**Q** 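The following block contains the structure, expressed as structure tokens.
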Amino acid sequence: MASLTQTFMSLASLPNLVPGTRISHPSSVSLSIKEGRSFPSVTLQPRGCRFRFRCVAKPETVKKVCHIVKKQLALPEESSVTGESKFAALGADSLDTVEIVMGLEEEFGITVEEESAQTITTVQEAADMIDKLLETKA
């Protein structure tokens, strides 16, 4: 098994590897195995320390959420609200966010737990949560 965390790589439990192989600050790696053979070099490209995983909600869900957010915040129709829009950046305070969640519950026929509601900060997060709730409801 190989694992890479930030700038340190540890290899363990791979057959034929020299025990205790460790690599710090890898950019190019060549590994030796017991019988004198070696793996081809592997080039690692630096990436940010964060990984971003997200489910992608249906486009129509994101569109509905954008409309509800605009309505709840009384934003002009021409204002730009996208999946990446943060409620706070659109001028929403905590009460506005509660009203947005209530509007989403009514529109989609779902119930959002308070803990989940407190973690929603963007339109995309709201849309992802809605699709997940609708999927489990079906």
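On a predicted model such as this, the values are computed, not experimentally measured, just so you know. FYI, the numbering just counts along the sequence from 1.
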**Q** Between the side chains of E125 and T121, does any donor sit under 3.5 Å from an acceptor?
**A** yes

**Q** Enumerate donor-acceptor pairs with a distance under 3.5 Å from any side-chain N or O in residues 129-138 to protein atoms, sequence neighbours excluded.
**A**
{"from": "D131", "atom 1": "OD1", "to": "T61", "atom 2": "OG1", "distance (Å)": "2.8"}
{"from": "D131", "atom 1": "OD2", "to": "K58", "atom 2": "N", "distance (Å)": "2.7"}
{"from": "T136", "atom 1": "OG1", "to": "K132", "atom 2": "O", "distance (Å)": "3.3"}
{"from": "T136", "atom 1": "OG1", "to": "L133", "atom 2": "O", "distance (Å)": "3.0"}
{"from": "K137", "atom 1": "NZ", "to": "G109", "atom 2": "O", "distance (Å)": "2.4"}

**Q** How would you list all residue pairs meeting side chain to side chain donor-acceptor pair (under 3.5 Å) that involve residues 97-114, not counting sequence neighbours?
**A** E114-Q118

**Q** Side-chain contact test, heavy atoms from C-beta onward, threshold under 4.5 Å: evaluate it for T82 versus S85 and give yes or no.
**A** yes

**Q** Are any of the side-chain heavy atoms of D96 and S94 separated by less than 4.5 Å?
**A** no

**Q** Taking the side chain as every heavy atom from C-beta outward, state whether F87 and T122 have any atom pair closer than 4.5 Å.
**A** no

**Q** Which pairs would a plain distance check flag for residues 63-76, meaning a side-chain donor or acceptor within less than 3.5 Å of a matching protein atom at least two apart in sequence or in another chain?
**A**
{"from": "K70", "atom 1": "NZ", "to": "E77", "atom 2": "O", "distance (Å)": "2.9"}
{"from": "K70", "atom 1": "NZ", "to": "S79", "atom 2": "O", "distance (Å)": "3.0"}

**Q** What's in the same ILVMFWY side-chain cluster as M102, cut-off under 4.5 Å, chained through other members?
**A** V98

**Q** What's the shortest heavy-atom distance between A57 and D128, and which atoms?
**A** N-OD1, 3.0 Å

**Q** Any idea which heavy atoms bring T119 and S116 closest together, and the distance?
**A** OG1-O, 2.8 Å

